[in-house]
Number of protein chains: 2
Amino acid sequence: MVKKKKVSILDIAKKLNISKSTVSFIVNGKARERRISEELTEKVLQVVKEMGYKPNHLAQSLATGKTNSIGLIVENISDSFFSNIASLIEEKAYNSGYEIIYSSTNDDVAKTKSLLRMFRERQVDGYIICPPIGVEEEIRALIEEGTPVVLFDRHLPNVAADYVGTDNQESTYAACDFLYGQGFRHIAFVTLVSAQSQMQERLAGYQGLIAAHGLESYLLEIPYQLRDTSAIERIGAFLEAHPGIDAVCFATNYLAVRGLQAMQRLGLKIPGDIAVVAFDDIELFQLYSPPITSVAQPMEEISNTLINILLQQLQAVRLGSKGKKVIIPSRLTIRESTRKVST
Amino acid sequence: MVKKKKVSILDIAKKLNISKSTVSFIVNGKARERRISEELTEKVLQVVKEMGYKPNHLAQSLATGKTNSIGLIVENISDSFFSNIASLIEEKAYNSGYEIIYSSTNDDVAKTKSLLRMFRERQVDGYIICPPIGVEEEIRALIEEGTPVVLFDRHLPNVAADYVGTDNQESTYAACDFLYGQGFRHIAFVTLVSAQSQMQERLAGYQGLIAAHGLESYLLEIPYQLRDTSAIERIGAFLEAHPGIDAVCFATNYLAVRGLQAMQRLGLKIPGDIAVVAFDDIELFQLYSPPITSVAQPMEEISNTLINILLQQLQAVRLGSKGKKVIIPSRLTIRESTRKVST
DNA sequence: ACCTTATGCTAAACCGGTTTTTCTTATGTC
DNA sequence: GACATAAGAAAAACCGGTTTAGCATAAGGT
């Protein structure tokens, strides 16, 4: 139970009566480059192995200024979309020698600021951020410092950061247009009260379709705080208040889940009484009865793009990010919930 | 775009023509204790604020040996169970000033060892680990070093680590017993080929019930590698091969999902043709049609217990963990899928 | 024989803090 | 007036590495 003292580079040096710089060079594979003899190199590596020397990462980071860690800031790690992204990013990062430090914002500005501060103090090498509105200053500051940053899911106006996201507006339009094509004419849109870019884009997609065909708009906006608790009642009340609605497009996966529960409670049959489309394809939608048509974001591609852009920035000779926006189109996965039932 | 130089403690000291130790004491609130004059204290804090000085966390960690970070090693962060635990733990940790570095093992021993090595080099202060079999040595080594460690979900034989888990055997027995009580007599158990403690315990729970009532055993064990890909076919074939089965207990949430898909394909009605119980309560089970009875692990309690035990170890004066096992009982959530249908 | 260059390694500064030790000066006590 | 003590702050060692500059010695060129 006694805390064994870890072997340091100095211990190795002393053991062989050489200087620690020599050990450092050898351990870092710079023996040849520094013209250190084969013989000594061998000996040092031998002792390193014997004594089980592992470099102290903190000391290394302090000296080099690189921590080999990436800060991943998501809205909520327990959300299927984010946990999948996290899983994919982690694997990629790990393969490139980076570790992930993650945290959930819950779209809380104060918490996010505090997280950014913590990450900054920890000197993470780069950031992958799903930003709430209100942290523009902080992110701009990071970028100006030359720190690699990529935003995803939503971007921030007036922040020239690299960004990876999906074609929210187009794919929402397409989803609603598909409903239209199936013959539905009273299409509702259930979304969050949110100024976030991705939500605004999705809303614009819906409104675009409404305008294009001169349909009546049925819009329900739910406050973020109520997305779990009372969303079911809200949606239920909304559907009861507008019995004419024959199809609903949900702007997020969790809203769709609440919506399905509301429909169950009201005894509405899908798609007979009402058709359903959801944004984000979660496992539930495939298994639900009936299976739910949804807009599937290509998570693997998004994750790959994110990590690639970040790694590129990390390697780059500080050119500063140019605010490159990469849009990865979503795919509409058509299932039973949008089948037109002959009346 | 020019990398602004961060202000260091030395910058502050120089500015005021004092020593950096004085600054350090003041910044760390030890001014009084170190008998530093009110006057100087004020001045220093003023300059600290003006220059926007933030201590370098790496340097602090190097000097103190504390990194204020916790390594969280789960099987797969994209699994709902683990991502929920992660989310809850992160929040708690954050409130105690700790950050989480996480990683998924995918039950790969080599990867886990490499992760443990990385975390160790990074000097994380403590570990929360869902361990695959095969890392006993490494974990024992951590504990012997005096590093705080808590295992969860499954424990390792011969590793005297603190552990938090659920009553796998009892709750599986209870789930199957509930099926028995509903009148089902041909109860199958679908599990993984796995020597992990939690899987063995669940299996034992099933076998206990079978033995208690002298029932016929229907056991299907699926290799971990096939849990996604071909599990549907496997389960389907199994059910077809044993048409007498009137109820199935699934040992994990994802096996249950595959099982439900298999049943869909075979056109089996739940619970009319076959009853279903699953381990772990995921959102899908509540919304599935019919809703699926499941064994719900109390995630919040598990997370709280985990972080509390770890924080306790972190504060403790190195007594070494005593291999305390905390078992938190699961709750059977009864839903439609296990209703006895009169024949 | 002398200068140059290559070889092989060491010394020392540095990264940015924490913490123990030491020093100076003022004050109080007998 | 001598001496102990306290106040206030500086100095220095340390954490464990990286990296630049430098110093011997040997080999090669003329």
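Chain letters run A, B, ... following the sequence lines, proteins first, then strands; residues in each count from 1. In what follows, every heavy atom counts, from backbone to side chain, and hydrogens, waters and symmetry copies are set aside.
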[X] [atom1] to [N] [atom2], straight-line distance once rounded to whole Å:
X: A/Arg122; N: C/dG16; atom1: CZ; atom2: C1'; result: 16 Å
X: A/Leu10; N: D/dA13; atom1: CG; atom2: P; result: 15 Å
X: B/Leu62; N: D/dA13; atom1: CG; atom2: C1'; result: 14 Å
X: B/Gln60; N: C/dG17; atom1: CD; atom2: P; result: 7 Å
X: B/Lys66; N: C/dG16; atom1: NZ; atom2: P; result: 24 Å
X: B/Tyr53; N: C/dG16; atom1: OH; atom2: P; result: 10 Å
X: B/Ile18; N: D/dA7; atom1: CD1; atom2: P; result: 20 Å
X: A/Ile26; N: D/dT19; atom1: CD1; atom2: P; result: 15 Å

**OP:** Answer yes if the side chains of B/Ser104 and A/Tyr94 hold a donor-acceptor pair under 3.5 Å, and no otherwise.
**Re:** no
**OP:** Compute whether any side-chain donor of one residue and acceptor of the other, for A/Ser24 and A/Ser21, lie under 3.5 angstrom apart.
**Re:** no
Original post:
Checking side chain to side chain contact (heavy atoms under 4.5 Å, CB included) against A/Leu314, which of A/Asn68, A/Thr147, A/Asp125, A/Ile309 comes through?
Top reply: A/Asp125
**OP:** Could you work out which one of D/dT19, D/dA9, C/dT18 sits closest to the side chain of B/Leu40?
**Re:** D/dA9
Would you indicate what [X] reaches in the nucleic acid, counting non-hydrogen atoms under 4.0 angstrom: base, sugar-phosphate, or nothing?
X: A/Leu58; result: nothing
X: B/Ser8; result: sugar-phosphate
X: A/Thr64; result: sugar-phosphate

Under 3.5 Å, is there an N or O donor on one side and an acceptor on the other linking the side chain of [X] and the base of [N]?
X: A/Lys20; N: D/dG16; answer: no
X: B/Lys6; N: C/dG16; answer: no
X: B/Ser21; N: D/dA9; answer: no

Original post:
Between A/Arg32 and A/Glu38, is there a salt bridge with N-O shorter than 4.0 Å?
Top reply: yes
**OP:** Ignoring backbone atoms, establish whether A/Ser24 has a side-chain N or O less than 4.0 Å from OP1 or OP2 of D/dG17.
**Re:** no
Original post:
Taking only side-chain nitrogens and oxygens of A/Asn56, does any of them come within less than 4.0 Å of OP1 or OP2 of D/dC15?
Top reply: no
Subject >> First of B/Phe25 and B/Ala63 reached from the 5' end of DNA chain D, by closest nucleotide >> reply: B/Phe25
Original post:
So which one's nearest nucleotide on DNA chain D is more toward 5', A/Arg34 or A/Ile9?
Top reply: A/Ile9
Original post:
Does the ring center of A/Phe152 lie less than 6.0 Å from the ring center of A/Tyr163?
Top reply: no
Original post:
Taking for each residue the nucleotide of DNA chain C with the nearest heavy atom, is it B/Arg35 or A/Ser37 whose nucleotide lies nearer the 5' end?
Top reply: A/Ser37
